[in-house]
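Only one structure is covered here, and it is reproduced in the block below.
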Amino acid sequence: MDVSFIGGPQPQRGLGVVAPFDFALDRELWRWVPDDVSLHVTRTPFVPVDVCLDLARMVSEHETLRDAVRALGACEPRVVAYACTSGSFVGGLAGERAMCEVMSAAGGIPSLTTSGALLDALRELGARRIAVLTPYTESVTRALEEYLSEAGVTVTGREFLGLTRHIWKVSYREVVDMARRVSATAADALFISCTNLPTYDVIPQLEAELRMPVVSANQVTMWSALRAVGARAVGPYQALLMDAAARPAEPEGQEGVT
């Protein structure tokens, strides 16, 4: 068969992703990605530890990050994203910045983390008061609140599931029910934490129902990484992905960053 007349394949912009060893939502990440961008995903080494603050520290150790970014270098990505919320907030703002510096030095390319991308997304939305939903234990959830407080973000309410494993098995129904409980507090936005928690299809529903922007860990990671390579994330009816002029107006009495 003569295929010489067929063009392609289409040139791709590579986006490297460093995920924890137990990350199970590769397909969800791809749903935000346009056709001319490819994801190159690698994982941190397995450790026999449940989800907790100790695990967050282990999967964000600098030598682990260096090895992961060097492995991705063979694919020549234009940017590297560390896709783990707890691993990138456990060391506070300084720890998150240090992670980016280590990854950038190892790969010679721009690097970002989920927690850093979250702060960028909140600034983009003008959100200074947020409600938080996590699958974590109370101690890990509290560490997230401390990270946000250090960044000048007020947590108006929280809900957490107390899970230490199998987070990717949480259903959309559980996520929606938790969001309804926590969003009763006055907030500028709702953040759904953990890159192993499925969120893509619930974001539009929750934004319409709660009348506030809803951002999730995987969403902000892909939004930030794609912006870094000059691309736009794909996602219908998600406030973060809209042009500022197209976003719904804030409910009366709620104000974000001016």
Side-chain angles (χ1 to χ4, degrees), residues 24-25 27-29 31-32 51 84-86 89 114-115 117-119 121-149 151 153-223 233-242 246-257:
L25 297 183
R27 179 57 191 150
E28 174 158 291
L29 295 185
R31 295 183 72 183
W32 275 289
V51 176
C84 178
T85 324
S86 60
F89 67 60
T114 298
S115 295
L118 168 61
L119 298 183
L122 296 180
R123 282 189 287 268
E124 177 75 12
L125 294 168
R128 294 290 298 274
R129 295 170 52 83
I130 69 169
V132 168
L133 182 163
T134 89
Y136 313 132
T137 60
E138 183 174 7
S139 61
V140 180
T141 303
R142 191 181 308 117
L144 170 59
E145 293 183 72
E146 292 169 357
Y147 172 82
L148 291 167
S149 177
V153 178
T154 300
V155 175
T156 63
R158 64 174 180 169
E159 285 282 336
F160 59 93
L161 286 173
L163 299 180
T164 59
R165 61 178 63 189
H166 297 163
I167 289 171
W168 71 89
K169 295 182 180 181
V170 174
S171 69
Y172 278 159
R173 172 54 54 195
E174 290 175 274
V175 174
V176 169
D177 288 345
M178 289 179 67
R180 286 170 175 161
R181 291 195 298 270
V182 75
S183 67
T185 55
D188 302 321
L190 168 67
F191 173 54
I192 306 174
S193 191
C194 189
T195 54
N196 231 0
L197 188 66
T199 59
Y200 186 93
D201 293 305
V202 301
I203 292 173
Q205 174 187 341
L206 287 174
E207 289 191 331
E209 181 177 329
L210 305 178
R211 298 184 63 203
M212 68 172 67
V214 174
V215 293
S216 76
N218 281 333
Q219 181 205 46
V220 299
T221 305
M222 289 295 97
W223 168 80
V234 178
Y237 308 109
Q238 298 181 22
L240 179 63
L241 311 187
M242 299 178 184
R247 291 178 188 141
E250 294 175 346
E252 186 176 351
Q254 287 188 220
E255 298 179 355
V257 175

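The shown structure was predicted, so the numbers you read here are calculated from the model rather than taken from an experiment.
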Q. Atom OG of Ser171 and atom CG of Leu197: how far apart are they, to the nearest 0.5 Å?
A. 9.5 Å
Q.
Checking Phe160 against Val140 for the side-chain contact (heavy atoms from CB on, under 4.5 Å) test, could you report, in this order, the C-alpha distance in whole Å, the side-chain angles of both residues, the deciding distance, and whether it holds?
A. CA-CA 10 Å; Phe160 59 93; Val140 180; over 6 Å; no
Q) Of all heavy-atom pairs between Ala179 and Leu133, which one has the smallest distance, and what is that distance? A) N-CD1, 3.4 Å
Q) Can a salt bridge be assigned to the pair Arg173 and Asp177 using a cut-off of 4.0 Å between side-chain N and carboxylate O? A) yes
**Q.** Listed partners of Arg165 passing side-chain contact (heavy atoms from CB on, under 4.5 Å), at least two apart
**A.** Asp50
Q | Donor-acceptor contact present, side-chain Glu28 to main-chain Asn218, <3.5 Å | A | no
Q) Parallel, tilted or perpendicular: which describes the rings of Tyr136 and Phe89, with under 30° parallel and over 60° perpendicular? A) perpendicular
Q) Between the main-chain N or O of Arg129 and the side-chain N or O of Asp188, is there a donor-acceptor pair closer than 3.5 Å? A) yes
Q. Considering residues, nucleotides and ligands other than Tyr237, do more than 12 of their heavy atoms fall under 6.0 Å from its OH?
A. no
(Q) Please check: side-chain N/O of Ser115 versus main-chain N/O of Thr85, any donor-acceptor pairing under 3.5 Å? (A) yes
**Q.** Where Ala189 and Ala127 come nearest, the two heavy atoms and their spacing
**A.** CB-CB, 4.0 Å
Q) Got a second to check how far Leu161's CG is from Thr137's OG1, nearest 0.5 Å? A) 11.0 Å
(Q) Using side-chain heavy atoms (C-beta onward) and a distance below 4.5 Å, is Val214 in contact with Gln219? (A) no
Q. What is the minimum heavy-atom distance between Ala24 and Asn196, and which atoms define it?
A. N-OD1, 2.9 Å
(Q) Measuring only between side-chain heavy atoms, which start at C-beta, is Phe191 closer than 4.5 Å to Leu122? (A) no
Q: Specify the closest pair of heavy atoms between Val234 and Tyr200, including all atoms of both residues, with the distance to one decimal.
A: O-OH, 3.4 Å
Q: Output the distance between atom CE (Met212) and atom CG (Leu190), rounded to the nearest 0.5 Å.
A: 6.5 Å
Q: Over all heavy atoms of both residues, which pair between Pro198 and Leu25 is shortest? Give the atoms and the distance, please.
A: N-CD1, 3.6 Å
Q.
Can you see whether Thr141 engages Thr134 through a side-chain donor-acceptor pair at a distance of less than 3.5 angstrom?
A. yes
Q | Test item: Thr221 side-chain N/O and Ala217 main-chain N/O as donor-acceptor pair under 3.5 Å | A | yes
Q: May I ask you to test the Ile203-Leu240 pair for a side-chain heavy-atom distance under 4.5 Å?
A: no
Q: May I ask you to decide whether Arg142 forms a salt bridge with Glu146, counting only side-chain N to carboxylate O separations under 4.0 Å?
A: no
**Q.** Rounded distance [0.5 Å steps], CD in Glu174 versus CG in Leu163
**A.** 8.0 Å
Q) What distance do Arg180 atom CZ and Leu206 atom CG have between them, rounded to the nearest 0.5 Å? A) 7.5 Å
Q.
If I compare all heavy atoms of Gln205 with all of Val176, which pair ends up nearest, and what's the gap?
A. NE2-CG1, 3.9 Å
**Q.** Rounded distance [0.5 Å steps], OG in Ser193 versus CZ in Arg158
**A.** 13.0 Å
(Q) Could you check whether any side-chain heavy atom of Ile130 comes within less than 4.5 Å of a side-chain heavy atom of Val215, counting everything from C-beta outward? (A) no
Q. Looking just at side-chain N and O atoms, do Trp223 and Gln238 make a donor-acceptor pair shorter than 3.5 Å?
A. no
